[in-house]
Amino acid sequence: MARYGQAFKDRAVARLLPPESLALEDVARTTRISEPTLKRWLEVAQSMPAHWRAGTARGPLEAGVGTPAMGEGG
């Protein structure tokens with residue numbers, strides 16, 4: 001079974017949501033991920049509390065949550 005990183009999942013789900021709002025079938029075809037898997041990823045993303053999603057479809061890392069604190073990581 002293939003394993004996908006969270007960043008990949010976040011990008012795929014983001015394509016399903018505004019502003020892109022692509023059809024599930026289109027994202028499945030271009031990412032080569034099955035429709036049921038994409039639907040599950042979307043449901044998980046939408047079930048997250050709003051403060052975790054930080055108002056974006058991109059997820060916590062790309063929204064700035066989990067970035068190094070000042071003085072870390074140079």
Side-chain angles (χ1 to χ4, degrees):
M1 175 175 23
R3 303 247 183 223
Y4 298 94
Q6 192 60 49
F8 178 85
K9 292 178 183 181
D10 291 344
R11 285 190 302 270
V13 168
R15 297 182 69 200
L16 297 169
L17 300 172
E20 290 188 62
S21 301
L22 296 176
L24 187 71
E25 300 82 21
D26 294 335
V27 177
R29 186 177 52 254
T30 59
T31 60
R32 304 181 87 181
I33 303 296
S34 72
E35 289 181 34
T37 296
L38 284 172
K39 187 173 181 180
R40 186 174 63 248
W41 292 354
L42 177 62
E43 290 168 353
V44 168
Q46 290 176 327
S47 72
M48 291 180 170
H51 72 276
W52 183 252
R53 285 184 275 137
T56 72
R58 297 180 192 269
L61 294 178
E62 292 181 80
V65 176
T67 55
M70 290 181 69
E72 293 182 8

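The model shown is predicted, which means the values in this text are computed figures rather than measured ones. Heavy-atom basis, side chains included; hydrogens, waters and symmetry copies ignored. Along the sequence shown, residues carry numbers from 1.
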Residues 28-37, side-chain donor-acceptor partners within the protein, below 3.5 Å, at least two apart:
from  : atom 1 : to    : atom 2 : distance (Å)
Arg29 : NH2    : Asp26 : OD1    : 2.8
Thr30 : OG1    : Arg15 : NH1    : 3.1
Thr30 : OG1    : Asp26 : O      : 3.2
Thr30 : OG1    : Val27 : O      : 3.3
Thr31 : OG1    : Val27 : O      : 2.7
Thr31 : OG1    : Ile33 : N      : 3.4
Ser34 : OG     : Thr37 : N      : 3.3
Ser34 : OG     : Thr37 : OG1    : 2.8

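Glu43 pairs by the side chain to side chain contact (heavy atoms under 4.5 Å, CB included) definition with Lys39, not counting sequence neighbours. Looking at residues two or more places apart in sequence or on another chain, you find a ring pair (Phe, Tyr, Trp, His ring centres under 6.0 Å) between Tyr4 and Phe8, Trp41.
Here the CG-NZ distance, from Leu38 to Lys9, works out to 11.0 Å after rounding to the nearest 0.5 Å.
Here the closest heavy-atom approach between residue Ala45 and residue Val13 is recorded as CB-CG1, 3.9 Å.
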